[in-house]
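Written out below as structure tokens is the structure these notes cover.
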Protein chains: 4
Amino acid sequence: MTTSRDTQRQKFEAREANIIAAASEVFASRGVDGAKMIDIARQAGLAEGTLYLYYRNKHDLLTAVVGHFWSELTAGARLAVDPHADPFQQLEQLASYHLNALLAQFQVVQLTYRARGTESAHVRDLDQVRGYVRIFDAIVERGIDRGNMRGDATLWQARDIFYGTLEFSARTLTLREASSDEGVVDNLMQVMGHHLIPAAKRTDLAPSAVTSSSDAQGITHKDLMEKLNGLEERLKALS
Amino acid sequence: MTTSRDTQRQKFEAREANIIAAASEVFASRGVDGAKMIDIARQAGLAEGTLYLYYRNKHDLLTAVVGHFWSELTAGARLAVDPHADPFQQLEQLASYHLNALLAQFQVVQLTYRARGTESAHVRDLDQVRGYVRIFDAIVERGIDRGNMRGDATLWQARDIFYGTLEFSARTLTLREASSDEGVVDNLMQVMGHHLIPAAKRTDLAPSAVTSSSDAQGITHKDLMEKLNGLEERLKALS
Amino acid sequence: MTTSRDTQRQKFEAREANIIAAASEVFASRGVDGAKMIDIARQAGLAEGTLYLYYRNKHDLLTAVVGHFWSELTAGARLAVDPHADPFQQLEQLASYHLNALLAQFQVVQLTYRARGTESAHVRDLDQVRGYVRIFDAIVERGIDRGNMRGDATLWQARDIFYGTLEFSARTLTLREASSDEGVVDNLMQVMGHHLIPAAKRTDLAPSAVTSSSDAQGITHKDLMEKLNGLEERLKALS
Amino acid sequence: MTTSRDTQRQKFEAREANIIAAASEVFASRGVDGAKMIDIARQAGLAEGTLYLYYRNKHDLLTAVVGHFWSELTAGARLAVDPHADPFQQLEQLASYHLNALLAQFQVVQLTYRARGTESAHVRDLDQVRGYVRIFDAIVERGIDRGNMRGDATLWQARDIFYGTLEFSARTLTLREASSDEGVVDNLMQVMGHHLIPAAKRTDLAPSAVTSSSDAQGITHKDLMEKLNGLEERLKALS
DNA sequence: CATGAATGAGTCTTCATTCAT
DNA sequence: GATGAATGAAGACTCATTCAT
């Protein structure tokens with residue numbers, strides 16, 4: 001009985017995920033108002049009416065899509081950021097992750113800004129964005145605690161530099177149909193470094209941030225540094 | 001006769017400006033699809049049909065609104081930037097101007113993305129946007145010519161930092177309902193400084209000694225990486 | 001004063017004729033509902049509002065166009081039919097005239113059937129058509145009086161054969177983009193002959209109706225017969 | 001399952017027929033442009049939007065109505081014509097059938113002219129109309145083959161006499177609110193007879209002796225004409 | 001539960017008609 | 001009288017949502 005119910009539950013959630021995926025795609029490609037419920041249904045391989053068994057109306061579906069996007073993004077970011085790395089490495093990992101996410105799902109991010117309607121829903125959307133942003137905040141705060149980063153820098157300004165630059169860079173890269181990030185993350189990290197690192201520590205960063213050369217295997221100094229920092233953390237943990 | 005024709009022309013342009021203003025407001029507050037032509041007409045104090053004497057259809061009106069916004073923005077920017085100031089001061093003036101414009105008309109900027117020729121003309125930007133961005137480019141290029149700024153920095157990345165940061169800051173300031181810019185421009189200028197000022201001129205920053213990644217011993221990154229991965233595995237086994 | 005008033009009157013009527021001509025063309029080419037008042041105005045070289053100084057509304061204008069067409073057609077028919085010719089020649093003249101009129105203004109005739117709206121207006125239209133048809137009737141009645149035509153044949157049936165055949169032939173000729181009438185009138189006259197001529201007199205007609213050969217000057221036996229009949233009439237009148 | 005699908009299909013076709021019937025009525029009574037989609041929907045007992053589930057737009061619906069009319073007419077005509085009768089009897093059967101159809105649905109025929117591809121596909125007739133006319137052609141061609149009818153008579157002219165007369169007669173009968181055909185078909189058959197029956201078979205008609213227009217003396221029509229014109233002038237001077 | 005046919009409110013757009021200049 | 005800008009009623013068409021099967 002429980003198993004059957006679980007199976008049902010699984011089925012339900014699979015359908016739900018299926019609808020969200022379909023809706024994400026259609027919303028992203030045609031825009032909120034350009035997306036017809038029938039298009040979403042077809043994309044999901046369902047009948048129109050079936051959508052309404054899962055979501056009360058189009059706006060609810062949009063909210064779910066946006067909510068799903070941010071929670072997935074948040075989960076992905078947590079995996080992408082090595083908890084043992086030092087704050088700067090983490091920031092770089094986050095930047096890299098965020099940029100790739102934007103490149104892959106740029107249109108979906110835009111939907112967030114367009115979730116009009118009730119104020120309450122808008123606030124709920126913002127809450128989810130805040131959850132995502134908290135990852136950034138946590139990294140920086142940890143950096144400040146450790147003394148690796150300046151505490152006098154206003155956090156939200158660092159945030160806007162970080163996310164604003166990444167979003168605009170993503171747009172530019174998309175327009176250029178560029179495949180690699182073309183040094184965007186490196187550049188950003190240098191900028192963030194100057195913004196966040198206390199003057200006394202700044203020399204340590206420069207080499208890492210500036211070097212972007214790589215050999216044919218695509219392994220950069222950055223990759224090595226990350227690895228080393230990871231090892232360092234583990235050794236610390238051991239002792 | 002000429003006077004009468006001029007008066008006519010003036011009337012026409014006044015009405016046109018009136019419509020653009022009304023449409024800007026309605027588009028901004030309700031979004032493109034949320035804005036009804038009759039709402040715009042009422043806002044402009046006109047009958048619905050009258051709009052169509054000035055603009056062929058809704059999309060044309062949107063294009064006009066966005067085009068008008070950017071050309072006004074460009075005109076304002078030219079006034080805001082002192083041609084005799086040095087490039088960095090100019091950049092600061094531009095940043096300040098841009099931020100204020102965003103704070104005042106944040107929603108209109110968002111419309112830009114909808115005004116593009118939907119799929120038809122590929123992703124052709126509005127000419128007016130290019131014109132506006134050219135102001136930033138001109139300042140930086142002049143800085144490079146004068147030797148005040150680095151020529152090796154990629155222009156578009158500087159641009160994305162500049163505009164991305166300002167746009168996200170504007171959003172934040174709007175959410176906080178802040179009245180002043182709370183140091184956003186100052187901070188941005190610091191960041192832009194580090195990004196654009198040649199090492200020789202930076203006094204508060206260590207020279208960015210670039211350590212070349214290739215070494216004479218023929219040891220590649222790949223070799224190092226393999227070694228490190230081996231170490232990592234051993235450590236995992238230990239813990 | 002009278003002269004000036006006459007001049008005014010002339011001007012007015014000239015404008016009126018101008019509007020009718022313009023409206024005829026636009027109505028004919030685009031259909032009643034497809035014709036926009038502004039198109040008619042432009043075609044007439046006038047402003048939209050000016051049309052309303054001459055005709056209360058679009059329907060009135062249509063009525064005027066149709067009325068004008070039929071009265072012109074009637075007037076033209078009276079000129080085309082030689083009053084001294086014998087009834088059969090007259091019928092042939094009328095057929096030839098009617099066919100050419102149809103070929104030239106086929107679309108306008110169609111407008112007649114479409115003058116919807118008030119019953120009264122419809123009746124008025126029909127009256128004008130009746131005026132035109134009376135020419136046919138008069139010819140046939142005269143033929144009957146003279147004993148050239150049968151009185152037992154129902155007049156309206158002869159009329160429907162006559163006009164129905166000509167209208168359908170006109171349509172066919174138009175579709176074929178034929179320039180000449182391709183024997184339509186000759187054929188029709190033969191048909192009308194068999195329908196209207198008393199058996200006893202039928203031999204007289206056959207040659208005339210059948211011969212359609214002509215030399216390079218385009219003069220047919222028909223032409224000669226007409227001429228001769230005209231002369232015959234005059235001689236009768238003299239004696 | 002198959003039954004259910006068949007039922008569905010039946011329902012669909014019933015609805016389709018229902019819509020066509022409703023549209024026919026409204027189009028016929030109010031004209032194409034006078035017919036509002038909502039009127040047709042109401043007449044069919046449906047909501048406005050439902051029409052669009054069956055026909056893409058108003059013009060498609062019109063085309064369907066006209067197409068349906070002609071194909072029904074064609075089917076009816078095939079039933080009305082006895083395949084074993086002789087060509088003349090068949091023609092009479094067709095005439096009688098056509099006239100009655102016109103009396104019943106006169107307005108619908110008029111719609112045909114509007115259903116053509118407006119300017120776009122040049123003047124492409126509806127295939128259904130061609131199919132209908134083919135019935136007439138087949139009868140006449142069979143008559144010619146059998147030797148019952150003349151092969152020298154132009155088919156299209158016979159067609160125009162036939163259909164033109166019937167259409168105009170129908171109009172007349174409708175205006176007179178006549179119930180019977182009042183001899184229209186009989187009369188038409190007489191006319192068609194004279195037009196189509198070979199001279200050898202006509203007993204009530206003198207042989208149509210054709211006098212050739214060219215004579216051996218080399219006197220042309222032009223010569224005669226000039227002579228006659230001279231006589232005419234003299235006569236004018238006399239009177 | 002799933003379906004998809006039916007619904008009808010909502011919108012853009014057109015164009016006959018008016019009227020201030 | 002003439003103009004043509006302004007009007008707003010009207011209508012084709014779309015699409016989110018419902019509900020009988």
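Just so it is clear, the values below take in all heavy atoms, side chains as well, and ignore hydrogens, waters and symmetry mates. Naming convention: chains lettered A, B, ... in sequence-line order (proteins, then strands); numbering from 1 in each chain.
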With a non-hydrogen cut-off below 4.0 angstrom, is B:F12 in contact with a base, only sugar-phosphate, or nothing?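 Answer is nothing: B:F12 stays at 4.0 Å or more from every strand.
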Under 4.0 angstrom, heavy atoms only, what part of the nucleic acid is B:A41 near: base, sugar-phosphate, or nothing?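 Counting heavy atoms under 4.0 Å across all strands, no contact is made by B:A41.
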If only atom types and distance count, is the side chain of [X] paired as donor or acceptor with the main-chain N or O of [Y] below 3.5 Å?
X: C:K58; Y: C:V32; value: yes
X: C:N18; Y: C:A44; value: yes
X: A:Q128; Y: A:G67; value: yes
X: D:T63; Y: D:H59; value: yes

Nearest whole angstrom, please: distance from the [atom2] of [N] to the [atom1] of [X].
X: B:L51; N: F:dA9; atom1: CG; atom2: C1'; result: 16 Å
X: C:K11; N: F:dA2; atom1: NZ; atom2: C1'; result: 12 Å
X: D:Y55; N: F:dT14; atom1: OH; atom2: P; result: 17 Å
X: C:D33; N: F:dA10; atom1: CG; atom2: P; result: 16 Å
X: D:D39; N: F:dA10; atom1: CG; atom2: P; result: 13 Å
X: D:R56; N: F:dC15; atom1: CZ; atom2: P; result: 13 Å
X: C:K58; N: F:dA10; atom1: NZ; atom2: P; result: 16 Å
X: D:D60; N: F:dC13; atom1: CG; atom2: P; result: 9 Å

DNA chain E: first to last nucleotide in contact with chain C (atom under 4.0 angstrom from a heavy atom), 5' to 3', is E:dC15 to E:dT18
If you assign each of A:T50 and D:G45 to its closest nucleotide in DNA chain E, which residue comes earlier from the 5' end?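 The residue closer to the strand's 5' end, by nearest nucleotide, is A:T50.
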Could you check C:Y52 against A:Y54 and say which one's nearest nucleotide on DNA chain E is further toward the 5' end? A:Y54
What's the spacing between A:F27 CZ and A:I20 CD1 if we round to 0.5 Å?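 Atom-to-atom, A:F27:CZ and A:I20:CD1 are 9.0 Å apart.
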Nearest-0.5 Å distance, OH of residue C:Y54 to CG of residue C:D60: 15.5 Å
Complementary nucleotide for E:dT13 - Watson-Crick or wobble, under 3.5 Å: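 E:dT13 is paired, partner F:dA10.
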Quick one: look up who F:dA20 pairs with, Watson-Crick or G-U, both distances under 3.5 Å, and put none if it's unpaired. E:dT3
If each of C:R15 and D:N57 is mapped to the nucleotide of DNA chain F with the nearest heavy atom, which maps nearer the 5' terminus, i.e. the 5' end? C:R15
5'-most by nearest nucleotide on DNA chain F - A:K36 or B:L46: B:L46
Just so I know, are the side chains of A:L53 and A:R15 near enough to count as touching, which here means a heavy-atom distance under 4.5 Å?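 They are not in contact (no side-chain heavy atoms under 4.5 Å apart), so the answer is no.
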